[in-house]
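Note that these values count all heavy atoms, side chains included, but never hydrogens, waters or copies made by symmetry. For reference, positions follow the sequence shown, starting with 1.
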Amino acid sequence: MGFEEVLRKAQDGDADAQVAMGYLFFKGDGVVQDRREAARWFYLAADQGNAEAMCNLGHMRAHGIGVRLDLDKSMELYHKAAELGDARAMFNLGFMYSDVEGIEQDWEKAYHWYSKAAEAGNIIALYRMGVMKEEGRGIPMDLPTAIEFYSRCFEGGFPKAGYRLGMMNLEGRGFPASADKASRYFIKAAEMGSEDAMCELGKMHLSGQGMTHSLSNAKKWLIKAANRGSAEASDLLGRINSGELK
């Protein structure tokens, strides 16, 4: 569908076309990027009850993109979208309650909305529930449930969950301590792109814990981790190159 046809439908009141117009102006896709104009189209769709538009506006309000920053209005929009079944809005509500400065932290509400998002298929929400269960953030610590959630996330292709499972095996939390099993999780998570797992493999090669002591293999993993932004890996590489670590 071409731009003119989408525009015509949007002007005729088609909410889906109005959302499409909002994305075009938000991204500058084929038009001059104009976040205010994006917000205008999203508001037109939101006024017709479009949950996706409400969620987009909630994001824009939360970050002051194209509109005035207003966390209360953002929460209101997210709530409306979530109640209409938008999984992204459910996740964003969980995040607002758990992580956003300016919103009163409420772990119970965060867990509630993360669980709703996870039920709708959001794998990152399930991972965050696992972290809350593992660390007892605002809810009772429950390592078996954390392991269950991480395992589901890892099977779904989320590498951070594999790193968490590796650390729990390495430290003996929820599992009998096993550097060998930990290394298997780290290797798979690293292959999936986890810089934390790459860094941990480098450290294991340095110490010889669960891995053959190998400076060359340690450097291989640490370079990969550092290239993906791991400050710890960069520091360890510097210490290796200076001769401090051997």
Side-chain angles (χ1 to χ4, degrees), residues 1-129 131-132 137-138 153 156-158 160 193 229:
M1 190 183 298
F3 175 81
E4 293 299 330
E5 186 177 356
V6 175
L7 176 60
R8 179 181 58 76
K9 287 189 173 185
Q11 290 172 334
D12 288 343
D14 184 300
D16 290 335
Q18 290 167 347
V19 171
M21 289 296 295
Y23 282 125
L24 290 176
F25 280 104
F26 189 90
K27 298 174 183 177
D29 186 4
V31 296
V32 176
Q33 188 178 61
D34 187 335
R35 299 292 175 70
R36 288 184 180 276
E37 183 67 3
R40 185 179 77 83
W41 284 112
F42 288 143
Y43 268 114
L44 288 171
D47 286 343
Q48 297 191 70
N50 186 287
E52 184 177 1
M54 293 174 192
C55 183
N56 291 340
L57 287 168
H59 173 79
M60 294 174 78
R61 281 290 188 187
H63 298 276
I65 301 171
V67 292
R68 181 174 57 84
L69 189 150
D70 187 332
L71 293 179
D72 290 336
K73 184 64 176 176
S74 174
M75 292 291 282
E76 178 186 329
L77 287 160
Y78 283 150
H79 271 287
K80 286 181 179 179
E83 287 161 5
L84 289 169
D86 189 280
R88 188 161 51 98
M90 296 170 189
F91 177 85
N92 289 349
L93 276 173
F95 185 80
M96 295 287 277
Y97 281 120
S98 65
D99 285 71
V100 174
E101 186 176 349
I103 299 296
E104 184 177 355
Q105 194 172 62
D106 189 321
W107 289 109
E108 185 176 345
K109 288 181 180 178
Y111 191 86
H112 168 78
W113 286 111
Y114 283 141
S115 66
K116 291 286 189 183
E119 287 169 9
N122 189 305
I123 198 168
I124 303 177
L126 185 63
Y127 171 77
R128 284 184 162 263
M129 292 166 65
V131 173
M132 292 174 70
R137 293 190 188 180
C153 290
F158 194 64
K160 286 185 177 181

Output, in order, the C-alpha distance, side-chain angles, deciding distance and verdict of ring pair (Phe, Tyr, Trp, His ring centres under 6.0 Å) for Phe42 and Tyr23. CA-CA 9 Å; Phe42 288 143; Tyr23 282 125; 5.5 Å; yes
Minimum heavy-atom distance between [X] and [Y], given as atom pair plus value:
X      : Y      : answer
Gly66  : Arg36  : O-CG, 3.3 Å
Asn92  : Cys55  : ND2-SG, 3.8 Å
Met21  : Ala10  : CG-CB, 3.7 Å
Ala87  : Ala117 : O-CB, 3.8 Å
Ala125 : Tyr114 : CB-O, 3.4 Å
Leu57  : Ala39  : CD2-O, 3.8 Å

Step-by-step salt bridge (Lys or Arg N to Asp or Glu O under 4.0 Å) determination, Glu37 to Arg40: CA-CA 5 Å; Glu37 183 67 3; Arg40 185 179 77 83; 2.9 Å; yes
May I have the step-by-step check of side-chain contact (heavy atoms from CB on, under 4.5 Å) for Lys160 and Val131, ending in yes or no? CA-CA 11 Å; Lys160 286 185 177 181; Val131 173; over 6 Å; no
Between Gln33 (side chain only) and Phe26 (backbone N and O only), is there a donor and an acceptor less than 3.5 Å apart? yes
Backbone of Tyr111 reached by a side-chain donor or acceptor of Ser115 within 3.5 Å: yes
For residues Leu44 and Gln48, determine if any side-chain heavy atom of one lies less than 4.5 Å from a side-chain heavy atom of the other. no
Check the pair Gln18, Asn50 against side-chain contact (heavy atoms from CB on, under 4.5 Å), reporting the backbone distance first and the verdict last. CA-CA 10 Å; Gln18 290 167 347; Asn50 186 287; over 6 Å; no
Cation-pi check, Arg35 onto Phe25 ring (under 6.0 Å, within 45° of axis): no
Are Glu76 and Lys80 close enough for a salt bridge, meaning some N to O gap below 4.0 Å? yes
Arg88 versus Asn122, side-chain donor and acceptor atoms under 3.5 Å: no
